[in-house]
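Count residues from 1 along the sequence.
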Amino acid sequence: MIDFALKHWRQNIIYIGFVLIFMLFALTLNDRGFLNPNNLLNIFRQTAMIAIMAIAMTYVLSAGEIDLSVGAVAGLTTVTVALTISVAGPLAGVAVGLLTGIAVGVCNGWLTTRVGIPSFLTTLAMMGIAKGVAMWISDTSAVPILSRSFAWFFGGGSLGIVPILFFWILIFGVWGHIQLKHTGFGRRVLATGGGETAARYT
């Protein structure tokens, strides 16, 4: 395994870097409990949302585009979910959250692919819009999610010692890999990133 990583270090530079950084923190912060299982599980929980967004961002980057608004859109979606749950319950909150993300994504995609505005500018503007809308509808105050079932299923729940978020990352990771590498849609995404004009003719 090590020999393979060394021979193909360019393709595996991210994993090599992760291992080196992990070892650095393990050696320097071991006396502070860095390798404590509870600490490692907390780190995993805190980075789960970023990992899921990174899976989606892989498609954007593979198509030769960029999305600067993903963090602000995640914040806006969280606010709409919390507000909806307080009024109509968890299922409605999930539906509204998905619709919020879809609406923003469709808007970004339409402006980029149909109007012709570069994705950098489109998503840069959407970043400010999403942040402003989130502050407006929440009145710049924290909106708590009081549904215990929602909080367990999408956040703090665990099956034994395994956080429920691990299963979400596993589901989206496997699905994203299969979709990108083994389907016609994934091949078209990669072809578009390689060259839009060539992809159209192909």
Mark yes or no for whether Tyr59, through its side chain, and Gly176, through its backbone, hold a donor-acceptor pair below 3.5 Å.
-> yes

Looking only at heavy atoms, which two atoms of Ala134 and Ser138 are closest? And how far apart?
-> O-OG, 2.7 Å

In Å, rounded to the nearest 0.5 Å, how long is the span from CD1 of Ile171 to CH2 of Trp175?
-> 12.0 Å

When rounded to the nearest 0.5 angstrom, what is the spacing between CG in Leu111 and OG1 in Thr113?
-> 8.5 Å

Identify the two heavy atoms, one from Ile145 and one from Ala82, that lie closest to each other, and give their separation to 0.1 Å.
-> CG1-CB, 3.7 Å

With side-chain contact (heavy atoms from CB on, under 4.5 Å) as the test, would you mind laying out the steps for Ile43 and Phe34 before giving the verdict?
-> CA-CA 10 Å; Ile43 293 174; Phe34 178 79; 3.9 Å; yes

Does the side chain of Met127 reach to within under 4.5 Å of the side chain of Leu124, using non-hydrogen atoms?
-> yes

Given the rule that I, L, V, M, F, W and Y join up when any side-chain heavy atoms are under 4.5 Å apart, are Val162 and Met49 in one cluster?
-> no

Report whether Met135 and Val79 are members of the same hydrophobic cluster (ILVMFWY, side-chain heavy atoms less than 4.5 Å apart, transitive linking).
-> no

State, yes or no, whether a side-chain contact exists between Phe150 and Val94 at a heavy-atom distance under 4.5 Å.
-> yes

Calculate, to the nearest 0.5 Å, the distance between atoms CG and CG belonging to Leu24 and Leu29 respectively.
-> 8.0 Å

Distance col, row Ile66:CD1 vs Leu68:CG, nearest 0.5 angstrom, shows 5.0 Å

Closest non-hydrogen contact found for Val81 with Gly97 is CG2-CA, 3.5 Å

Examine the side chains of Asp67 and Ser69 and answer whether a donor and an acceptor come within less than 3.5 Å of each other.
-> yes

Determine whether Val133 and Ile129 make a side-chain contact, defined as any pair of heavy atoms from C-beta on separated by less than 4.5 Å.
-> yes

Within a strict 4.5 Å, meaning less than it, do heavy atoms of the His177 and His182 side chains meet?
-> yes

So, Asp139 side chain and Ser141 main chain: donor-acceptor pair closer than 3.5 Å or not?
-> no

Which side-chain hydrogen bond (donor to acceptor under 3.5 Å, both in side chains) pairs, counting each pair once, include a residue from residues 43-58, with sequence neighbours left out?
-> Asn42-Arg45, Arg45-Ser158

Could you pull out the closest heavy-atom pair between Ala72 and Lys131, with the gap in Å?
-> CB-N, 4.1 Å

Does the gap between the ring centers of Phe172 and Phe167 come in under 6.0 Å?
-> no

Do Ile164 and Phe154 come within less than 4.5 Å of each other through their side chains, counting heavy atoms only?
-> no

Sub-4.5 Å side-chain heavy-atom contact between Leu190 and Phe185 = no

Examine distances only and state if a side-chain atom of Thr112 and a backbone atom of Gly109 form a donor-acceptor pair shorter than 3.5 Å.
-> no

Without swapping roles, check the side chain of Thr84 against the backbone of Gly93 for a donor-acceptor pair under 3.5 Å.
-> no

Quick one: are Leu76 and Thr100 in side-chain contact, heavy atoms under 4.5 Å?
-> yes

Worked check of side-chain contact (heavy atoms from CB on, under 4.5 Å) between Val19 and Tyr15 = CA-CA 6 Å; Val19 171; Tyr15 307 108; 5.6 Å; no

Nearest heavy atoms of Thr77 and Gly101, plus distance in Å = OG1-N, 4.2 Å

Output yes when a side-chain donor or acceptor of Trp168 lies under 3.5 Å from a complementary backbone atom of Ala48, and no otherwise.
-> no

Under 3.5 Å: donor-acceptor pair, side chain of Thr183, backbone of Leu180 = no

Hphob cluster co-occupancy, Leu170 + Phe153, side-chain heavy atoms under 4.5 angstrom = yes

Do Leu91 and Ile85 belong to the same hydrophobic cluster, where Ile, Leu, Val, Met, Phe, Trp and Tyr are linked whenever their side-chain heavy atoms lie under 4.5 Å apart, directly or via other members?
-> no

How many angstroms lie between CD1 in Ile13 and CG in Leu20, if you round to the nearest 0.5 Å?
-> 8.0 Å

Distance from Ile52 atom CD1 to Leu165 atom CG, nearest 0.5 Å?
-> 7.0 Å

Single-linkage hydrophobic cluster Phe166~Val174, side-chain heavy atoms < 4.5 angstrom = yes

Where the side chain of Asn108 meets the backbone of Thr123, is there a donor-acceptor pair that is under 3.5 Å apart?
-> no

